[in-house]
Protein chains: 2
Amino acid sequence: MSGSRSTAFGRPREFDIDEALERAMQVFWARGYDGTSLTDLTGAMGITKSSMYAAFGNKEQLFRKAVERYAEGPASYATRALREPTARSVAEAFLRGGVRTTTSPGCPTGCLSVQGALALTEQSRPAHDTLVDWRNDAGVRLEERFRRAIEEGDLSRDADPGRLARFIMTTAFGIAVQAANGLRADELDEIVDTALLAWPT
Amino acid sequence: MSGSRSTAFGRPREFDIDEALERAMQVFWARGYDGTSLTDLTGAMGITKSSMYAAFGNKEQLFRKAVERYAEGPASYATRALREPTARSVAEAFLRGGVRTTTSPGCPTGCLSVQGALALTEQSRPAHDTLVDWRNDAGVRLEERFRRAIEEGDLSRDADPGRLARFIMTTAFGIAVQAANGLRADELDEIVDTALLAWPT
DNA sequence: AGCGTTCTGGACCGATCGGAACTTAAAGCG
DNA sequence: CGCTTTAAGTTCCGATCGGTCCAGAACGCT
């Protein structure tokens, strides 16, 4: 973890490591892991390969850190949504947040967790697995939140938390693909409206 | 279009062009356009690069032909679904078909049209555009079918065909991602059940 | 000043990328 | 039999891939 030590010993870093990571995240977001070369990355980050390797390790570790930054930044709506008071408002906040992030101006369309490494290749396996785990974790957290909602009484005891979580996650993933397909935010919000019609009363 | 001429003039082709295309489709399906190298392709196809170039042109054209084969093969459920008698049964057949194809044993999980080239890179732009067009076309055909259903009276005049089509497409894309995520067919079928609860009465 | 430590820029690495070229092989036809 | 045509197999191409190495530069510390 030498990348975050700010107590300078030796020559100080000449670039902003957060800014560089932000740029790397944007490139991975737009082009995916396989489609992004070191030249793409260092070009966008404004640093040389040696600086990148010294600060982040290698391409694979840089991707992992970019995903972490994505989770805490553009995808932070997911964690925030879990704090909504009812299961239904959790689901709605989750989907609305997905719409906003996948269509945010100045950012690539779509979702890094979906288009970062959906296909599985030899060299993208670590990146692929990272994203599979993250997507599944998100579903599990949603399921646990829905289970709590049943205990709290704002969701019917007949409801299946796992099934609802998988449905919401599916809708969110579909929205990410549609955003990459060029759909506008208002069209995606209509999709959220429609999906929520399936929500148990 | 010299690839399909079977009237032999000159040395006859020693491999089955359909079989080779099938293999190429499978590789693109699993690894995506960017993640697939010519070595991957020719290795799976059992031919050399020169044979591939002579028969299919280049990697990009091979991808296009693989997508066409996918559309007529594994994804043919989409066209068949449109012939269902009612809008609702069209939607259900479309989604059930998606579940079956994205979880078919012996084939890669997920959907070629989604994971073939979701991210946009310099070299994948043609493949990416091909898939964007195809996905949007599928939505348009669904929308037209729903519009016809309104005229035929099996769908309410209050329904919005475009909105419904986008919702069904979104669910189908989400299912493709979930399949790539490792969900089982029965879990995906539950998602279809849930999504159809949003269908207008 | 000298030293240890860390960062920078650029040269360099073997491997692989998509693709072209060239030779050899197998067919029909006169 | 040549002659033409097309496919197969091999070699080679320039470019790029992810990654390493090294000399020099910029700091804190003594």
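A, B, ... follow the sequence lines: proteins, then strands. Residue 1 opens every chain. Quick caveat: nothing in here was measured; it's all calculated off a predicted structure.
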Query raised in the report: What residue among A:T36, A:N58, A:L131 forms side chain to side chain contact (heavy atoms under 4.5 Å, CB included) with A:F63?
Result: A:L131
So, using side chain to side chain contact (heavy atoms under 4.5 Å, CB included) as the criterion, who are the partners of [X] when residues are at least two apart?
X      : result
B:A87  : B:F146, B:A149, B:D154, B:L155, B:W199
B:L38  : B:L41, B:K49, B:M52, B:Y53, B:K59
A:R100 : A:R96
A:E14  : A:R11

Take the protein atom [atom1] of [X] and the nucleotide atom [atom2] of [N], then report the distance between them rounded to whole Å.
X      : N      : atom1 : atom2 : value
A:E14  : C:dG9  : CD    : C1'   : 10 Å
B:I47  : D:dT10 : CD1   : P     : 14 Å
A:Q123 : C:dC17 : CD    : C1'   : 11 Å
A:M52  : C:dG9  : CE    : P     : 14 Å
B:I17  : D:dA7  : CD1   : C1'   : 12 Å
B:R31  : C:dC17 : CZ    : P     : 11 Å
B:M45  : D:dA8  : CE    : P     : 11 Å
B:E60  : C:dG18 : CD    : P     : 13 Å

Find every protein N or O atom lying less than 3.5 Å from an N or O atom of nucleotides 11-15 of chain C, and list the pairs.
none

Nearest-neighbour nucleotide for the [X] side chain, [options] considered:
X     : options                : value
B:N58 : C:dT24, C:dG19, C:dC29 : C:dG19
A:S51 : C:dG9, D:dG28, D:dG19  : C:dG9
A:R13 : C:dC7, D:dG19, D:dC27  : C:dC7
A:R11 : D:dT20, C:dC29, C:dC7  : C:dC7
B:Y53 : D:dA8, C:dG19, D:dG19  : C:dG19

Query - Geometric cation-pi criterion A:R13 and A:F15, 6.0 Å radius, 45° cone - result: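 Positive - A:R13 is close enough to the ring of A:F15 and near enough to its axis.
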Taking distance alone, no hydrogens or angles, what donor-acceptor pairs closer than 3.5 Å link side-chain atoms of residues 168-177 of chain A to residues at least two apart or in another chain?
{"unit_1": "A:T170", "atom_1": "OG1", "unit_2": "A:R166", "atom_2": "O", "d": "2.6"}
{"unit_1": "A:T170", "atom_1": "OG1", "unit_2": "B:Q178", "atom_2": "NE2", "d": "3.2"}
{"unit_1": "A:T171", "atom_1": "OG1", "unit_2": "A:F167", "atom_2": "O", "d": "3.0"}

Query raised in the report: When you check the side-chain N and O atoms of B:S76 and B:R80, is any donor under 3.5 Å from an acceptor?
Result: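 Yes, a side-chain donor-acceptor pair sits under 3.5 Å.
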Residues in side chain to side chain donor-acceptor pair (under 3.5 Å) with [X], at least two apart?
X      : value
A:R163 : B:T194
B:R135 : A:N181
B:T48  : B:S50, B:S51

Query raised in the report: Going by heavy atoms closer than 4.0 Å, what residues in residues 32-44 of chain B are next to DNA chain C?
Result: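 Here the set is B:T36, B:S37, B:L38, B:T39.
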**Report entry** Any residue of residues 18-28 of chain A with a heavy atom less than 4.0 Å from an atom of DNA chain D
**Finding:**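 Heavy-atom cutoff 4.0 Å gives no residues at all.
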Report task. Output every pair passing side-chain hydrogen bond (donor to acceptor under 3.5 Å, both in side chains) with a member in residues 107-120 of chain B, not counting sequence neighbours, ordered by first then second residue. Result -> none
